[in-house]
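Worksheet: the structure to be examined is printed underneath.
These numbers come from a predicted model, not from an experiment.
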Amino acid sequence: MAMAATSSQSFLKNPNFSIRPKNPILTQQTGLSINASRPKKPTSITCTATTHENPTTNKPQSQDRVFNFAAGPATLYERVLKKAESELVNWRGSGMSVMEMSHRGKEFLSIIQKAEADLRTLLDIPSNYSVLFLQGGATTQFAAIPLNLCKPNDPVDYLVTGSWGDKAFKEAQKFCKPNVIWSGKSEKYTKIPNFDSLEQNPDARFLHICANETIHGVEFKDYPDPRNKDKILVADMSSNFCSKPVDVSKFGVIYAGAQKNVGPAGVAIVIIRKDLIGNAQEITPVMLDYKIHDENNSLYNTPPCFGIYMCGLVFEDLLEQGGLKEVEKKNIKKADLLYKVIDESNGFYRCPVEKSVRSIMNIPFTLEKSELEAEFIKEAAKEKMVQLKGHRSVGGMRASIYNAMPLAGVEKLWRLLSKQGY
């Protein structure tokens with residue numbers, strides 16, 4: 001498949017770059033095997049059609065489905081969607097859909113209780129932590145966290161490594177006295193600081209981080225030790241939730257929107273140490289009070305029932321894959337495939353993020369010439385790869401390769417990146 005040249009700077013006729021793949025598959029021993037060289041003459045983009053393999057069951061992906069690289073809502077496992085489809089009208093002989101059930105009936109109680117149990121197993125959540133299934137996305141938790149953990153004059157430390165950490169800080173200004181102890185904004189959010197250099201306030205109520213910045217592709221590989229008196233670390237894990245094992249006991253609160261790795265939009269999950277519940281400010285709306293939701297087992301009002309059901313199906317699937325250690329191996333394999341082809345492109349592609357903190361979920365990159373981006377998007381769409389445009393605030397490209405993105409989808413993007421002759 002050839003793409004028409006549009007100018008002397010055509011996407012297809014850059015003489016400075018070609019990557020000729022030996023084998024598009026990573027091996028456990030040697031990693032990706034690709035050779036970088038300059039071609040003697042320009043060649044056109046070609047992508048050889050291949051079977052789309054499901055990374056767990058080896059069943060082909062349906063040919064009418066695209067490879068969706070969206071940052072969220074994001075791709076879900078097709079087998080999970082098919083299971084939900086099979087139960088949509090009549091859930092397991094109940095005679096009704098999950099969407100029709102009373103949230104207080106025995107049928108839905110069994111769904112939400114199993115979802116919580118499976119999540120506890122996946123993350124090995126200690127018994128002194130509560131799990132809450134809420135609404136409003138992670139953004140609502142930007143307010144709920146300080147409202148539940150702080151008094152109006154309490155100081156709080158925020159480590160800001162991207163746009164979402166910055167938004168959390170700005171929202172907290174309404175309810176406490178937050179302080180940014182480090183920000184990567186001046187360096188366009190491309191790094192994470194050395195933790196020893198952080199000047200934490202020992203009187204801070206908690207230290208807040210965003211574990212993976214979806215927009216900028218920056219991910220914590222380990223976590224800072226909170227130096228506040230109660231040792232409370234709070235983390236927004238929306239875009240890497242359940243992508244790898246996490247020691248929950250290191251955190252006071254973990255919160256995440258479901259719509260990236262574990263379900264559809266509409267569900268927020270909060271994992272909170274029980275001793276932190278019950279101290280909400282008087283102005284806290286009832287729907288943001290963790291004590292209310294904890295006492296009512298996330299059923300104070302009608303929860304996002306179908307979304308929770310879908311999360312439960314995803315949790316089941318992750319367990320069937322062997323748990324989060326196995327899931328993490330697959331995610332690293334996919335990310336390595338793309339980072340390697342970007343790094344070996346002789347500068348035609350560039351990922352701005354410091355290598356030690358690159359996200360395995362969200363891979364931002366730019367092309368040598370920004371005017372080529374539209375052609376890249378168009379060519380990707382022809383190969384049924386969609387949502388590769390970067391966030392509107394930063395531009396460029398972004399490939400979000402969450403748990404449910406099949407290896408076949410990443411390999412197809414790899415071929416598009418590596419087989420371009422310019």
Side-chain angles (χ1 to χ4, degrees), residues 129 138-139 141-241 243-256 270-273 275-276 279 351-362 364 393-394:
Y129 283 74
T139 301
Q141 303 311 310
F142 295 168
I145 296 288
L147 281 169
N148 280 271
L149 270 60
C150 302
K151 301 304 179 187
N153 291 319
D154 283 349
V156 177
D157 287 341
Y158 277 73
L159 200 170
V160 178
T161 54
S163 294
W164 294 109
D166 184 56
K167 289 178 185 293
F169 162 72
K170 289 175 178 176
E171 185 71 358
Q173 289 178 311
K174 302 173 185 177
F175 309 112
C176 61
K177 303 295 182 184
N179 177 50
V180 175
I181 60 172
W182 186 89
S183 172
K185 187 173 183 179
S186 64
E187 297 179 80
K188 298 184 178 179
Y189 297 127
T190 56
K191 61 186 294 186
I192 290 174
N194 183 298
F195 299 150
D196 292 335
S197 68
L198 297 175
E199 295 185 8
Q200 296 188 48
N201 181 351
D203 295 320
R205 183 65 179 126
F206 60 82
L207 171 63
H208 181 281
I209 64 171
C210 179
N212 186 83
E213 285 283 356
T214 319
I215 294 174
H216 296 91
V218 176
E219 182 175 20
F220 283 79
K221 304 306 179 181
D222 55 8
Y223 304 102
D225 179 23
R227 297 174 190 162
N228 52 72
K229 59 183 179 181
D230 294 317
K231 304 293 184 184
I232 301 173
L233 179 61
V234 175
D236 176 358
M237 291 191 178
S238 292
S239 54
N240 65 351
F241 189 66
S243 67
K244 60 183 179 181
V246 171
D247 183 354
V248 173
S249 67
K250 289 185 176 181
F251 300 86
V253 184
I254 292 171
Y255 64 100
V270 173
I271 302 169
I272 180 170
R273 213 170 65 203
D275 64 292
L276 301 179
N279 302 299
C351 174
V353 180
E354 186 178 281
K355 288 185 178 181
S356 64
V357 294
R358 286 176 170 179
S359 171
I360 62 170
M361 295 283 96
N362 309 102
S393 66
V394 296

Hey, could you give me the CD1/CG distance between I181 and L159, rounded to the nearest 0.5 Å? 5.0 Å

For K151, does the NZ atom have more than 12 heavy-atom neighbours from other residues, nucleotides or ligands under 6.0 Å away? yes

Is there a donor-acceptor pair under 3.5 Å between the side chain of N228 and the backbone N or O of K231? yes

When rounded to the nearest 0.5 angstrom, what is the spacing between CG in D157 and CD1 in I232? 12.0 Å

Specify the closest pair of heavy atoms between V156 and A204, including all atoms of both residues, with the distance to one decimal. CA-CB, 4.1 Å

Heavy-atom closest pair (P224 atom, F195 atom, distance to 0.1 Å) is N-CE1, 3.5 Å

Can you name the salt bridge (charged side-chain N to carboxylate O under 4.0 Å, His left out) partners of D154, sequence neighbours left out? none

In plain terms, say whether D230 and R205 are close enough for a salt bridge, that is, a side-chain N and a carboxylate O under 4.0 Å apart. yes

Where at least one partner belongs to residues 215-234, residue pairs that pass ring pair (Phe, Tyr, Trp, His ring centres under 6.0 Å), sequence neighbours excluded: Y189-H216, Y223-F251

If you take all heavy atoms of A138 and S238, which pair is closest and at what distance? CB-OG, 3.2 Å

If every non-hydrogen atom of S359 is compared with every non-hydrogen atom of V218, which pair is closest and at what distance? CB-N, 4.3 Å

Does a side-chain heavy-atom distance below 4.5 Å link L207 with V234? no

Could you label the plane-to-plane angle of the F142 and Y255 rings as parallel, tilted or perpendicular, counting under 30° as parallel and over 60° as perpendicular? perpendicular

Heavy-atom check, side chain of M237 versus side chain of V246, under 4.5 Å: yes

Straight-line distance of C150 SG to K177 NZ, nearest 0.5 Å: 11.5 Å

In Å and rounded to the nearest 0.5 Å, what is the CG to NE2 distance from D236 to H208? 5.5 Å

Any I254 side-chain heavy atom under 4.5 Å of V248 side chain: yes

Here the pair of heavy atoms bringing C351 nearest to P364 is SG-O, 3.4 Å

Verify, without hydrogens or angle tests, whether D166 (side chain) and G162 (backbone) share a donor-acceptor contact under 3.5 angstrom. no

To the nearest 0.5 Å, atom CG of N179 lies from atom CD of Q173 at 10.0 Å

Salt bridge (charged side-chain N to carboxylate O under 4.0 Å, His left out) with K221: which residues, sequence neighbours excluded? E219

Between V270 and V253, is any pair of side-chain heavy atoms under 4.5 Å apart? yes

Sidechain-backbone polar pair: Q200 side chain, R227 backbone, donor-acceptor under 3.5 Å: yes

State the OG1-CD distance between T161 and E187, to the nearest 0.5 angstrom. 12.5 Å

Closest heavy-atom pair and its distance - I215, S393: CG2-OG, 3.9 Å

What do you reckon, is NZ of K244 surrounded by more than 12 foreign heavy atoms closer than 6.0 Å? yes

Short side-chain donor-acceptor distance under 3.5 Å, S239 and N212: yes

